[in-house]
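Values below: every heavy atom of this structure, side chains too, minus hydrogens, waters and symmetry copies. Throughout, a chain's letter reflects where its sequence line sits, starting with A, and its residues are numbered from 1. Predicted model only: the values in this text are computed from it and were never measured.
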Amino acid sequence: MPRLNDQVRELLQEYADLINITGGDAFRARAYEKAARAVGEYPEDVAGLDAKGLQQIPGVGKSTAEKVAEFLATGRIPALEELRAKIPSGVREMTAVPGVGPKRALALHRDLGISSVDELAEAIRADKLSGLAGFGERSGEKILHGIELLRQSGGRTLLDAATELAEQLVAALSAVPGCTRCAYAGSLRRMRETVGDVDVLATAEDSAPLMAALTELPYVAEVIGSGPTKTSIRTDQGVQVDLRVVPEEDWGAALVYFTGSKAHNIKLRTMAVRAGLKLSEYGLFEVDGGAKVVSATEDEVYAALGLPWIPPTLREDRGEIEAALNDELPVLVQESDLRGDLHTHTDLTDGLATLTEMVDTAAARGYSYYAVTDHAPDLVMQRMTDEKMLAQREQLRELAGRHKKLRLLHGTELNIGPDGGVDWPPEFLAGFDVCVASVHSHFNLDRAAQTRRLIRACENPYVHVIGHLTTRRIGRRGPIDVDLDAVFAAAARTGTAIEVNSSPQRLDLRDEDVLRAKRHGVRFTIDSDAHATGQLAYPRYGIGTAQRGWLTAEDVVNTWTWQRLKHFLRKDALH
DNA sequence: GCCGTTTTCGGCCCGACTGTTTTCAGTCG
């Protein structure tokens, strides 16, 4: 079940979307969007707030507070239900298709009776859109491509939502009497960027109470199937969960089997066969006679195959078994290795929290250094000015003594222009402690131009970090077309770090590209790109991507001490 | 609908891109 704030966020966002689709006042819709975001990121639980308390949330006024209070009291918002009655839910879902906004969704519904993404795809294939005002020859093609993009990740759940769900499930099932072990496995344990379903494994003498506990959870929408060893449900958020219960003595073999990946397991099984053994989810057995060798722990299973334990994030058959055989497994970077965050925002631009709130939260995370990197002026909508930036720097300097162990760095997130230039001239850039530079526009340049602009950004002596290099948004927007190897070579040559952006919507660079970049000798940062205090915890997801890219703490500059990082940030002095 | 060293009305993140137009609407960041 999502946090109550998240439920309210979703309802307010739905209300805003429906206002947009029905052609209501755009500013009113925007006000609800803003309120939705503010509630979602509000650190306190809204459950304990009354209408007055709700109005303390910035962006929530009288009208929104009343609606939320009504929801908290009755579970319903009549104003929302009225709008829902006018517009089928599929019409709103169509606006999730890249290229389809509220106006087009309404036109498609009103003029062609289309009420779902599936019907939309069908109508395009049947050439029913031509002739509709505002839709030309290329529209259908573009929308179909958008639907394709949506479906590629459609049915898959982002890492943060899946992790939160899995942690709740494990907590609930661990509390069931008779449950001796419980953990999540599958691609979530390997920390893939999206997961198709959530696999939970548990041990108990009697599986029935665990199966019953799962099916009775309040957020179960459907029981897909239930037997003595396996139960599958679907949550009200549409995520499938498979629970498997095994005897405690088989825990290790089952955990290996259900963690995967399939390719990793096939390789393990092949190794077993060569040793006269057979590996399954029930254990490692001798082929002759069928005696069980081991199955109680993962350590034992790997050891019996002549291997050290292999971290789940490496189990993709990308050379980890060979490395393990040669005793060359990397010592993977851990979240606890991170000493700071070098890419964060405040409400000076598009963040939700104040500078002080962000700094306090960073201090509570135990960091030794922390950079504020609000947007630079070329991202016009953020309305940055030199004066605002300098005033923030002053404010940050005044906070310097607030947390004794936390060094505050003043930075910015620059915009890499189409030609590779950035927002400010060298003399202004020199005033920052750290500069992240990212692509925020011109996503459709050809490969040569994209490559050129990124290399030029690396060559800028004031650019320390390239942020979210490919600019992809999972399930929403593909990566830009760029020669990554050429950019990695430039980053390595110029001493420019490449970011592993930890936002679950981005996770950019992707794991396999991290691996490639590492081979070029690139250094990395693992940053939150936080726009709210709660998002400062995002590096837990970026760490997964970094581990899947085989990174060690040595590869990641924000695990370094300040003394060492300071040297790295003096890039201009090194050349 | 929200908000105020623009303060109770009148603004509100602005501009580029795309495909459709022939002067612009819709979408997006």
Side-chain angles (χ1 to χ4, degrees), chain A residues 11-13 15-39 51 54-68 77 79-80 83 94-108 110 124 129-146 149-150 345-352 374-385 387-388 391 413 415-418 423 438-446 467-468 470-473 475-478 480 503 505-506 508 529 531:
Chain A
L11 290 168
L12 293 176
Q13 182 62 52
Y15 193 61
D17 290 346
L18 291 177
I19 291 171
N20 273 324
I21 292 170
T22 53
D25 177 19
F27 288 116
R28 199 169 147 250
R30 193 177 296 171
Y32 278 110
E33 275 171 21
K34 203 176 161 196
R37 191 166 165 245
V39 169
L54 287 164
Q55 282 191 67
Q56 299 304 305
I57 304 173
V60 175
K62 188 161 170 286
S63 184
T64 306
E66 278 170 7
K67 288 186 179 69
V68 174
I77 303 178
L80 174 59
L83 282 181
M94 289 195 296
T95 64
V97 176
V100 180
K103 296 291 184 294
R104 292 183 135 193
L106 181 65
L108 290 163
R110 190 190 51 214
I124 296 168
L129 262 60
S130 49
L132 192 57
F135 291 83
E137 207 169 307
R138 298 214 50 207
S139 298
E141 194 183 311
K142 279 204 83 170
I143 293 172
L144 267 187
H145 179 254
L149 200 66
L150 192 66
H345 297 273
T346 74
D347 61 1
L348 183 62
T349 54
D350 57 351
L352 288 165
D374 270 314
H375 288 288
D378 289 355
L379 198 61
V380 185
M381 64 186 179
Q382 302 297 347
R383 295 185 148 184
M384 180 53 74
T385 62
E387 294 71 29
K388 279 164 127 177
E413 183 182 12
N415 303 288
I416 303 174
D423 307 64
S438 314
V439 168
H440 290 117
S441 66
H442 300 87
F443 303 110
N444 294 324
L445 297 183
D446 66 40
H468 51 69
T470 76
T471 78
R472 65 130 178 208
R473 296 185 75 100
R476 303 283 306 171
R477 184 175 68 209
I480 55 172
S503 164
Q505 286 86 37
R506 291 189 184 270
D508 184 8
D529 196 1
H531 287 69

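Rounded to an integer number of Å, the gap from NE2 of A:His345 to C1' of B:dC13 is 15 Å. If you take CD1 of A:Ile143 and P of B:dT20, they are 10 Å apart, rounded to a whole angstrom. Between the CG atom of A:Asp347 and the P atom of B:dC3 there is a distance of 13 Å, given to the nearest Å. Atom pair A:Arg30:CZ and B:dC12:P shows a separation of 10 Å (rounding to whole Å applied). We find that CD of A:Glu33 is positioned 12 Å from C1' of B:dC13, with the value rounded to whole Å. In this entry the distance linking NZ of A:Lys67 with C1' of B:dC2 reads 12 Å, nearest Å. When the P atom of B:dG1 is taken as reference, atom CG of A:Leu18 falls 15 Å away, rounded to whole Å. Rounding to whole angstrom units, CD1 of residue A:Ile19 and C1' of B:dC2 are separated by 13 Å.
Annotation: B:dT22 and B:dG15 have their P atoms spaced 26 Å apart (nearest Å). Comparing B:dT20 with B:dG26, their P atoms sit 14 Å apart, to the nearest whole Å. Of the P atoms belonging to B:dC12 and B:dT6, the separation is 13 Å, rounded to the nearest Å.
Residues forming a side chain to side chain donor-acceptor pair (under 3.5 Å) with A:Ser503 (at least two apart in sequence, or on another chain): A:Gln505. Checked against ring pair (Phe, Tyr, Trp, His ring centres under 6.0 Å), A:His531 has the following partners two or more places apart in sequence or in another chain: A:His345. The side chain to side chain contact (heavy atoms under 4.5 Å, CB included) check on A:Phe443 picks up A:Val439, A:Thr471, A:Arg477, A:Ile480, with sequence neighbours excluded. In this structure A:Thr64 satisfies the side chain to side chain donor-acceptor pair (under 3.5 Å) test with no other residue, sequence neighbours excluded. With sequence neighbours excluded, no residue satisfies salt bridge (charged side-chain N to carboxylate O under 4.0 Å, His left out) with A:Arg37.
Contacts of A:Lys34 with the nucleic acid, taken as non-hydrogen atoms under 4.0 Å apart, are absent. Within the 4.0 angstrom heavy-atom criterion, only backbone atoms of the sugar-phosphate kind lie near A:Tyr32; the bases stay farther away. Within 4.0 Å of A:Asn444, counting heavy atoms only, lie sugar-phosphate atoms of the nucleic acid but no base atom.
For the side-chain hydrogen bond (donor to acceptor under 3.5 Å, both in side chains) with A:Asn415, the lone residue among A:His440, A:His375, A:Gln382 that qualifies is A:His440.
Nearest heavy atoms, A:Ala29 versus A:Asn20: CB-OD1, 3.5 Å.
The side chain of A:His442 places an N or O atom within less than 4.0 Å of a non-bridging phosphate oxygen (OP1 or OP2) of B:dC17.
If you find the closest nucleotide of DNA chain B to A:Gly59 and to A:Val380, the one lying nearer the 5' end belongs to A:Gly59.
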Quiz item: How would nucleotides 22-29 of chain B be written as a contact map, 5' to 3', with B for base contact, S for sugar-phosphate-only contact and - for no contact, using protein heavy atoms under 4.0 Å?
Solution: ----SSSB

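Across every strand in view, B:dT8 sits unpaired, with no contact that passes the Watson-Crick or G-U test at under 3.5 angstrom.
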